[in-house]
Amino acid sequence: MSGENTVLKENVFVNEKEKRTGVHNNVNSKKNKKEIKILAKNITRTFTVKNRGEKGVKEFTAIKDINLEIREGEFITIVGPSGCGKSTFLDILSGLSKPTSGELYIDGKLVTGPALDRGIVLQGYALFPWRNVRKNIEYGLELKKVPKKERKEISQEFIDLVGLNGFEDRYIHELSGGMRQRVAIARSLAYNPSVLLMDEPFAAVDAQTRETMQEELLRIWEKTNKTIIFITHSIDEAIFLADRVVVLSANPGMVKEIIDIDLPRPRKLGDVKNSPDFNWLSHKVWELLHNVEGNEKTKVINENRDIAEEISPTVDL
Amino acid sequence: MSAITIEKSSKKKSDVVGKLQVFTRKSIAIIVFFILWEVLPQIGVINSQFIPPVSEIVVYLGKMLADGDLLIHVQASFIRALEGFALAVLVGTPLGFLLGGWFKKFEELLDPLLQVLSQINPFTLFPIFMLFFGIGEVAKVAIIFWTSIWSVLFQTINGVKNIDPVILKGAKAMATPKFSLFYKIVLPGAAPLIFAGLKNAVGTSFLMLIAAEMIGASKGLGWLILNAQVNYNIDRLYAAAVVIAALGLGMKKLLTVIENLVITWKEDSSNM
């Protein structure tokens, strides 16, 4: 390790201390002036887990005291080691699950359940195989009772946006992974939510498609001006996309640090990935992610099965 | 552009040829069977007293059809089978939806009992059905209902349970109301397995029909067979058997056609 690197490390340390003392201070971002879109206040989620082999139950804290302010039009990525409660947090944001304590506000209103003001893109696409591409995209519009003719116009607009022209009438099993993901994104955008929640959307596609999709997503974001919360386990992806990267620590999941990404936009993957800033940020996030693991990891693995069943149980109707 | 259209039309042609090939391939065994059935009794390898050649049966069928005899029996049987089957569908599918989707815990409790009940040989239940329903129409329909409801019920439960949880999660995250969740998600999601259950049930309903008609009926294909047996009318016996098989097969085919109209999203597996 060169001397320069050590300096950087200290820098990180100072930064970390600063951040921990209070609310995140975002000095140089213009977006500071924009309204707060999403406010998470002390969000904690615990699960009761049955003790295997023994009697009684015990508490498992998936996420603890998450405080987050997200401004309108901001692109936030959340990274963290596995088991840090990323998906739990997204479930709470989507309204599918309620925090044990703490509140979540969107546009100043307390979130009590799922609603069409938030679009969601899940890890496994969650597309409807019995609907073709167009019908999948129109699903939210149907729920909103948009008239048929208007529905068609809107779906066409989003088919164009994600570049699926010519595939409107295809069923899902006829599409490749990347195309499926485009349908999922178009579907979540079509009913015009102001917030887009994405849970590792590109985890299942190949590396090449993934990179194209990242650039596409940025292009769509710049065009539609949505507030995006994007969960990923890829450090590079998190930095490339985000205005701010939220780094979570595991067991319980807590906000470890929020890092501003001041890379110029519009970003091109080829340019950004080779820039020294990107490497520096990437290293920083890497360090943040790695100095918590190790000591806690074995514990997580031992308890994994019971907890997983509690956290994402089979969905009830 | 033109290259694409040419390719498309040639593809269509090869599709037709391919389907014909599949059809002949699938028919060979049946054709050979009928030929053997015709030839072996004729040349005396098989005693034609017990197994008359197929042509004789066809002639006999034609005669029955001509004097209107056949139609009465087919009608009687058809209505019974359909009544029992329809009743099984009307009870089995809604019950399956409730148990598979909305009362899962209850289903868990109920499942062992249902499994045991479904495994009871329906023939052993004949006396009990007769005790309750007599030997009239009700008893026959009840027997058919009892035997065909299980596959409808179990397949509907499976269909609902097998819907990808991610799809349900996605639908719920989009704030899908309860009723929409049923007819936009659960119903189409479970449809393929429900159809499998229906096809199976229609088969069993025609199977049980014959047995049911052997208890105190005065018409119907089952009665026809019993009657033929008593009167030692071998031609009639085979004629009835052929008609029953054709009816069951026809109903199954009809359901497949309906299935293909309803479930348009499945991968085409007819050539596999």
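Computed from heavy atoms alone, side chains included, the values below leave out hydrogens, waters and symmetry copies. All chains are named by letter (A, B, ...) in the order of the sequence lines, taking the proteins before the strands, and each is independently numbered beginning at 1.
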Selection from A:G95, A:P129, A:G124, A:S94 maximising heavy-atom pairs under 4.5 Å formed with chain B: A:P129

To the nearest 0.5 Å, what is the distance between CG (B:L110) and CZ (B:F103)? 12.0 Å

Centre-to-centre under 6.0 Å for A:F230 and A:F202, is that the case here? yes

Check: B:F123 ring centroid to B:F126 ring centroid under 6.0 Å: yes

Bottom line for B:K184: the part with an atom under 4.5 Å from chain A's heavy atoms is both

Which answer fits B:I263, side chain, backbone, both or neither, if we ask what part of it has an atom under 4.5 Å from a heavy atom of chain A? neither

So which of B:I185, B:I163, B:D164 has the largest heavy-atom pair count under 4.5 angstrom toward chain A? B:I185

Can you tell which of B:G189, B:P188, B:S180, B:G170 has the highest number of heavy-atom pairs within less than 4.5 Å of chain A? B:P188

Charged tip of A:R187 within 45° of A:F128 ring normal and under 6.0 Å: yes

In B:V243, B:I244, B:L221, B:L82, the residue satisfying side-chain contact (heavy atoms from CB on, under 4.5 Å) with B:S77 is B:L221

Side chain, backbone, both or neither: which part of A:L127 has a heavy atom under 4.5 Å from chain B? backbone

Measuring heavy-atom distances to chain B, does A:R170 have an atom under 4.5 Å in its side chain, in its backbone, in both, or in neither? neither

Other residues, nucleotides and ligands only: do more than 12 of their heavy atoms fall within 6.0 Å of NZ on A:K144? yes

